[in-house]
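What follows is one structure encoded as structure tokens, with my remarks underneath.
Since the structure is predicted, the reported quantities are computational estimates derived from the model, not experimental observations. Remember, it's 1-based here, ligands and their atoms both numbered in the order they're listed.
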Amino acid sequence: MRSGVWLRQQAQSRPESGQAARLLLAEVLGCSVAALYAASERELDADQEERLHALWRRYGDGEPLAYLCGYEIFCGLRLRIDTAVLAPRPETEELVALALALSLPEPARVLDLGTGSGAIAIALAQARPRWQVTAVEQSLAAAHVAADNIAVHGGRVRLCRGDWYEPVATQTFHLIVANPPYIGEHEPEMAQLKHEPRAALVAAEDGMADLRHIVSGAPQHLLPGGSLLLEHGWQQGASVRALFSAPGWTQVRTVCDLSGHERFSAACWHG
Ligand code: GLN
């Protein structure tokens, strides 16, 4: 079959999935989406056709495009993604923007907890070449993905393996950021997230356990005047602000994402 014919067939049967069809076809042909037009008369060989049909079926099954294509674009950076990590979400680009808007001393020491693919840490290191960024990841498989991405994008992030603060036990930072698991075990949205690593999504205590652990450990790792910036569920704003009611925290604030949901909370540690 010619590639242009396949695209037209999909456009008729699933008009809402045109971009996905183009991305997967480009993946199979090994070209960019922009080059597909010129390739539309190209015959798919049997292998390519088989691969394309398999990918299209998995897409129809709800598997995220990032897993099918093996990459995601995050803050303009192409990151390798596999099922060991969560594909970074557009909201998390907003978390990066919030971190970059903070005025930190140069060179700032920054910690990204639960880095997954390395997305946040790499985006910060790229945007602020003088920041010293450390990323922590517990899962070995995820740390492999992060290490690859760090190497491809300049190698400026120090990656440590371990549980939250454990590998940075004696270190202090000007900024700690995290997009931890925050979905409660019984949340209905988990039904839509069956391809993602559960450990990256689900936390005990109605999704609050890891957020709680990160906030309570932060004072030992923040310099006076340092900030903690967290992504959380859209209904967790009040609960996260309550965690910051412990003495020593100031400038507690929640910021909505572009969909208007309370998605990020931050506070400053005055010690
Ligand atoms: N926002 C993500 C999702 O809905 C969840 C990310 C997380 O738990 N950190 O898929």
Exercise. Is R263 salt-bridged to E94, cutoff N-O under 4.0 Å?
Worked result: no
Donor-acceptor pairs under 3.5 angstrom involving side-chain atoms of residues 69-91: please list them, not counting sequence neighbours.
{"from": "R80", "atom 1": "NE", "to": "D148", "atom 2": "OD2", "distance (Å)": "2.9"}
{"from": "R80", "atom 1": "NH1", "to": "D82", "atom 2": "OD2", "distance (Å)": "3.3"}
{"from": "R80", "atom 1": "NH2", "to": "D148", "atom 2": "OD2", "distance (Å)": "2.9"}
{"from": "D82", "atom 1": "OD1", "to": "A84", "atom 2": "N", "distance (Å)": "2.8"}
{"from": "R89", "atom 1": "NH1", "to": "A87", "atom 2": "O", "distance (Å)": "2.9"}
{"from": "R89", "atom 1": "NH2", "to": "E196", "atom 2": "OE2", "distance (Å)": "3.4"}

Exercise. A200: heavy atom below 4.0 Å from ligand 1, yes or no?
Worked result: yes
Problem set entry | Shortest protein contact, atom 1 (N) of ligand 1 (heavy atom only) | Y182 OH, 2.9 Å
Seminar exercise, completed: CZ of R51 to CG of L68, rounded to nearest 0.5 Å, is 10.5 Å
Exercise. For ligand 1, which atoms, with element, lie under 4.0 Å from some heavy atom of E91?
Worked result: 1 (N)
For this session: Using a strict 4.0 Å cut-off to heavy atoms of L193, name the atoms of ligand 1 that fall inside it.
Result: 10 (O)
Exercise. Looking only at protein heavy atoms, which one is nearest to atom 4 (O) of ligand 1, and how far off is it?
Worked result: E189 OE1, 3.8 Å
Seminar exercise, completed: min-distance protein heavy atom vs atom 10 (O) of ligand 1 -> R89 NH2, 2.7 Å
Problem set entry | Atom pair CZ (R156) and CG (L124), whose distance is rounded to the nearest 0.5 Å | 10.0 Å
Problem set entry | Interfacing atoms of ligand 1 (cut-off 4.0 Å, heavy-atom, N179) | 7 (C), 9 (N)
Exercise. Please state which protein non-hydrogen atom is closest to atom 9 (N) of ligand 1 and give its distance, to 0.1 Å?
Worked result: P180 O, 2.7 Å
Exercise. Just by distance, with hydrogens left out, do T92 and E231 show a side-chain donor and acceptor under 3.5 Å apart?
Worked result: yes
Exercise. Against heavy atoms of L86, which atoms of ligand 1 measure under 4.0 Å?
Worked result: 6 (C)
Exercise. Ion pair present between R22 and E27, side-chain N to carboxylate O less than 4.0 angstrom?
Worked result: no
For this session: Please state which part of E196 comes within less than 4.0 Å of ligand 1, counting heavy atoms only: side chain, backbone, both or neither.
Result: neither
For this session: Would you list the pairs meeting side-chain hydrogen bond (donor to acceptor under 3.5 Å, both in side chains) in which at least one residue belongs to residues 121-133, sequence neighbours left out?
Result: none
